[in-house]
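Please read the structure below before turning to the comments.
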Amino acid sequence: MVDFNQINPTYKLPGTSAEVDPSQAGTPVSDKWGLIAGFKTAAGSAPADLPIAVGTQADADAFFGAGSMLARMFTVWFAVNRTSPLVAIPIAEPGAGVAATGTITVSNAASAAGTLYLYIAGQRVSVGISASDTTAQVATKIAAAINAVTALPVTAAAATNVVTLTCRWKGLIGNDISMGDSYRGFYGGEFRPAGLALTYSGSGFLASGTGVPDWPNAIASLGDDPYRFVALPTNDSGSFTVWDTEYGFTDSGRWGWMRQSYGQIFSAKRDTYSNLFVYGPTNNSPVIHPMAVEVGSPTPIWEWTAAYAARAAQAFTIDPAAPLQTLTLAGCLPAPKGQRFSKTQLNALAGVGLSIQGTDVDGPTGGVPQILREQSSYQKNSYGVADNAFQVATTLATLDVILTRLRQSATNKYPRHKLADNGTRFGPGKKIVTPAIIKGELIAEYSAMEYDGLVENIQAFKKALVVERSTVDPNTVECLYPPDLINQLRRFNVRAQFRLQFPAAA
């Protein structure tokens with residue numbers, strides 16, 4: 001007798017009845033959304049601490065305010081990835097914070113007409129300069145040109161020969177806004193008009209911004225929706241702690257056994273090599289991947305973060321086990337040559353839990369930055385002993401798919417089954433399952449995942465797999481599931497043992 005879900009076997013009316021059973025039809029599917037988190041401005045219409053889907057730049061500007069952190073993160077994300085569904089979580093600026101400021105001082109007027117190419121937070125602003133302009137007039141033109149670009153994260157005001165820039169929101173992170181000019185140099189046709197002299201405060205960065213974000217309300221509003229790829233623009237210890245808790249492996253975390261909603265967090269940190277080498281070991285999270293950025297890059301870290309998360313979302317959705325190396329970070333300007341990390345420095349930074357990026361050679365400022373290694377900040381186990389279990393983001397991306405497919409397989413095929421011991425005799429079509437049947441299903445699914453390039457060594461998996469009935473609760477099956485994750489080709493080492501001439505006998 002076949003077990004039905006809906007048809008009553010005692011139903012008396014004549015005819016044919018058919019119920020639809022999709023348990024054997026489904027193929028592996030998993031939603032993967034991107035999430036950008038950050039400050040909005042007062043001009044943004046979206047309420048703080050509530051997620052909102054964003055599909056166009058016009059929406060981002062309206063929701064979060066033109067020139068806001070989130071509006072700029074959307075711009076960069078969309079330049080890299082137009083396929084992953086994207087949601088933003090806006091937060092209000094810290095109430096007790098202070099907005100970062102900086103100054104551009106025009107110390108000498110131009111002796112000839114020309115164009116000044118300013119770079120504010122990595123965005124170019126063109127300013128027409130006349131030979132007759134005084135230093136005060138040049139300052140006024142600079143302020144007007146900056147204010148005309150609504151996508152900039154600053155406003156400008158001129159007083160005599162000084163232009164003061166103010167971040168559009170309060171917070172420590174505003175100190176990452178860069179000021180400079182002529183980034184592309186002579187070969188890019190960018191140079192100051194003759195005689196014009198400018199001085200930038202703070203070594204070319206805004207300063208005096210204070211206040212860190214308050215994340216708990218925003219995180220609580222996320223629920224268990226599939227935000228697999230988070231762009232987290234802040235890198236302070238408080239931000240990392242609360243987001244690591246949300247995405248971690250505890251009972252309350254997304255990687256914990258109760259929630260199983262998974263995901264990873266991408267961030268960035270700008271500093272000198274020495275400071276980054278000290279900063280790296282202060283973090284130790286499998287789910288957070290901060291990228292090291294040179295001081296000389298004009299692009300703010302929230303845009304580096306958006307590019308990194310967008311590229312990871314795109315690539316890992318296509319193939320979660322493939323490395324991210326060589327994938328470009330469009331929208332980010334690299335540090336000029338001579339200011340970039342060396343290979344020795346990059347190798348050391350990856351060793352202290354920092355993702356690394358580099359730039360190919362293409363002109364005086366180089367080409368587009370690309371990911372070199374998607375290193376996580378995880379470095380030590382719970383005993384403080386060095387551990388490489390979660391050292392790259394591909395590990396979690398692959399586990400995400402494997403565990404999701406495992407759960408889908410079990411729930412699709414055994415949604416309302418009875419459990420019996422191995423060897424129990426029951427008729428065909430009965431909704432009964434045994435540990436041996438489940439083990440066979442796990443092996444079949446593993447074989448499919450091996451074919452899809454997620455795992456390897458199925459014979460070793462079969463030997464190590466354990467599926468048995470619980471001795472504590474007879475309604476529970478317990479499993480030791482030992483997947484061998486497929487690895488990535490990250491290096492090809494060659495010993496070139498050359499000869500001037502092989503012996504004749506060879």
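Within a 6.0 Å radius of CZ in R416, other residues, nucleotides and ligands contribute 12 heavy atoms or fewer. Within a 6.0 Å sphere centred on NZ of K380, other residues, nucleotides and ligands contribute 12 heavy atoms or fewer.
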So T394 and R490, side-chain hydrogen bond (donor to acceptor under 3.5 Å, both in side chains) or not? Walk me through it.
CA-CA 12 Å; T394 45; R490 297 186 182 272; 3.3 Å; yes

Could you go through Y308 and S355, starting from their C-alpha distance and side-chain angles, then the distance that decides it, and tell me whether this counts as side-chain hydrogen bond (donor to acceptor under 3.5 Å, both in side chains)?
CA-CA 10 Å; Y308 186 18; S355 297; 2.7 Å; yes

Side chain to side chain contact (heavy atoms under 4.5 Å, CB included), that's the test. Do L346 and R373 meet it? Break it down for me.
CA-CA 10 Å; L346 288 169; R373 186 176 175 88; over 6 Å; no

Starting from the C-alpha separation in whole Å, work towards a yes-or-no answer on salt bridge (charged side-chain N to carboxylate O under 4.0 Å, His left out) for E190 and R124.
CA-CA 11 Å; E190 296 179 356; R124 192 170 79 169; 2.8 Å; yes

Check the pair D387 / N381 against side-chain hydrogen bond (donor to acceptor under 3.5 Å, both in side chains), numbers first and verdict last.
CA-CA 6 Å; D387 183 18; N381 64 20; 5.1 Å; no

Might you work through the side-chain hydrogen bond (donor to acceptor under 3.5 Å, both in side chains) test for N283 and S285, ending with a clear yes or no?
CA-CA 6 Å; N283 304 305; S285 169; over 6 Å; no

What verdict does the side chain to side chain contact (heavy atoms under 4.5 Å, CB included) test give for S178 and Y119, after you've listed the backbone C-alpha separation in whole Å, the side-chain angles of each residue and the deciding distance to 0.1 Å?
CA-CA 8 Å; S178 63; Y119 279 81; over 6 Å; no

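Between the side chain of S239 and the backbone N or O of N235, no donor-acceptor pair lies under 3.5 Å. Here the side chain of Q501 pairs no donor or acceptor atom with the backbone of R499 at under 3.5 angstrom. With E445 contributing its side chain and L406 its backbone, the two residues share no donor-acceptor pair below 3.5 Å. Under a 3.5 Å cut-off, the side chain of E441 and the backbone N or O of K413 do not form any donor-acceptor pair. No side-chain donor-acceptor contact under 3.5 Å links Q375 to the backbone of G351. Panel note: side chain Y446, backbone E456; a donor-acceptor pair is recorded below 3.5 Å. The main-chain N or O of S342 is found under 3.5 Å from a side-chain atom of Q345 such that the two form a donor-acceptor pair. Judged by distance alone, with hydrogens and angles left aside, the side-chain atoms of D49 form no donor-acceptor pair with the main-chain N or O of N217 at under 3.5 Å. Side-chain N or O atoms of N81 include one that pairs as donor or acceptor with a backbone N or O of S84 at under 3.5 Å.
The side-chain heavy atoms of P482 and F461, taken from C-beta on, include a pair separated by under 4.5 Å. With a 4.5 Å cut-off on side-chain heavy atoms, S267 and M291 do not count as touching. For the pair T395 and E374, the minimum side-chain heavy-atom distance is 4.5 Å or more. Residues T234 and L232 meet the side-chain proximity criterion, which asks for heavy atoms closer than 4.5 Å. Residues F205 and N175 fail the side-chain proximity criterion, which asks for heavy atoms closer than 4.5 Å. Here the side chains of I89 and Y227 are not in contact, with every heavy-atom distance at 4.5 Å or above. Counting heavy atoms from C-beta outward, Q260 and L403 have side chains that stay 4.5 Å or more apart. Annotation: side chain of I288 is not in contact with side chain of Y378 (no heavy-atom distance under 4.5 Å).
Separation of atoms CD1 (I371) and CD (Q325) is listed at 10.0 Å; rounding is to 0.5 Å. In this structure, F63 CZ and S68 OG are separated by 12.0 Å, a value rounded to the nearest 0.5 Å. Rounding to the nearest 0.5 angstrom, the gap separating the CD atom in Q459 from the CD1 atom in I443 is 9.0 Å. A distance of 7.5 Å separates OG1 of T299 from CZ of R270, quoted to the nearest 0.5 Å. To the nearest 0.5 angstrom, S382 atom OG is 10.0 Å from N284 atom CG. Atom CD1 of I301 is separated from atom CG of D176 by 4.5 Å, given to the nearest 0.5 angstrom.
For the side-chain contact (heavy atoms from CB on, under 4.5 Å) test, residues two or more places apart in sequence or in another chain that qualify with V494 are F492.
Among residue pairs with one or both ends in residues 311-323, those qualifying as side-chain hydrogen bond (donor to acceptor under 3.5 Å, both in side chains) are R311-Q314, R311-T328; sequence neighbours excluded. Within the structure, the side-chain hydrogen bond (donor to acceptor under 3.5 Å, both in side chains) test picks out the following pairs touching residues 288-298 (sequence neighbours left out): Q264-H289, E294-Q357, S297-W304. Applying the ring pair (Phe, Tyr, Trp, His ring centres under 6.0 Å) rule to pairs touching residues 309-355 yields nothing, sequence neighbours excluded. A salt bridge (charged side-chain N to carboxylate O under 4.0 Å, His left out) check over residues 222-244, counting only residues at least two apart or in different chains, returns the pairs D224-R259, R228-D400.
Across every non-hydrogen atom of I402 and L485, the tightest pair is CD1-CD2, 3.3 Å. In plain terms, the two heavy atoms of S470 and E478 that are nearest each other are OG-OE2, 3.4 Å. Residues P474 and R469 share a closest heavy-atom pair of O-NE, 2.9 Å. Annotation for G38 and P233: closest pair CA-CG, 4.1 Å, computed over non-hydrogen atoms. Closest of all the heavy-atom pairs between A92 and A48 is N-CB, 3.9 Å. Listed here is the closest heavy atom pair of A322 and Q488: C-CG, 4.3 Å.
Using modelled atom types and a 3.5 Å distance limit, the side chains of S274 and T272 yield no donor-acceptor pair. Between Q370 and T359, the side chains place no donor N or O within less than 3.5 Å of an acceptor N or O (distance only, hydrogens not considered).
Between W302 and the choices F266, W77, W169, the ring pair (Phe, Tyr, Trp, His ring centres under 6.0 Å) rule is met once, by W169.
Taking the six-membered ring where tryptophan is involved, the planes of F390 and F249 are tilted, since the angle between them lies from 30° to 60°.
Residues Y247 and W255 place their aromatic rings such that the two centres sit no closer than 6.0 Å. Taking the six-membered ring for Trp and the full ring otherwise, F64 and F74 have centroids separated by 6.0 Å or more.
Cation-pi geometry between K269 and Y279 is satisfied (NZ or CZ under 6.0 Å from the ring centre, within 45° of the ring normal).
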Side-chain donor/acceptor pairs under 3.5 Å, residues 50-58, sequence neighbours excluded:
| from | atom 1 | to | atom 2 | distance (Å) |
| --- | --- | --- | --- | --- |
| T56 | OG1 | D59 | N | 3.1 |
| T56 | OG1 | D59 | OD2 | 3.3 |
| Q57 | OE1 | T75 | OG1 | 2.6 |
| Q57 | NE2 | D61 | OD1 | 3.1 |
| Q57 | NE2 | A71 | O | 3.3 |
| Q57 | NE2 | T75 | OG1 | 3.2 |

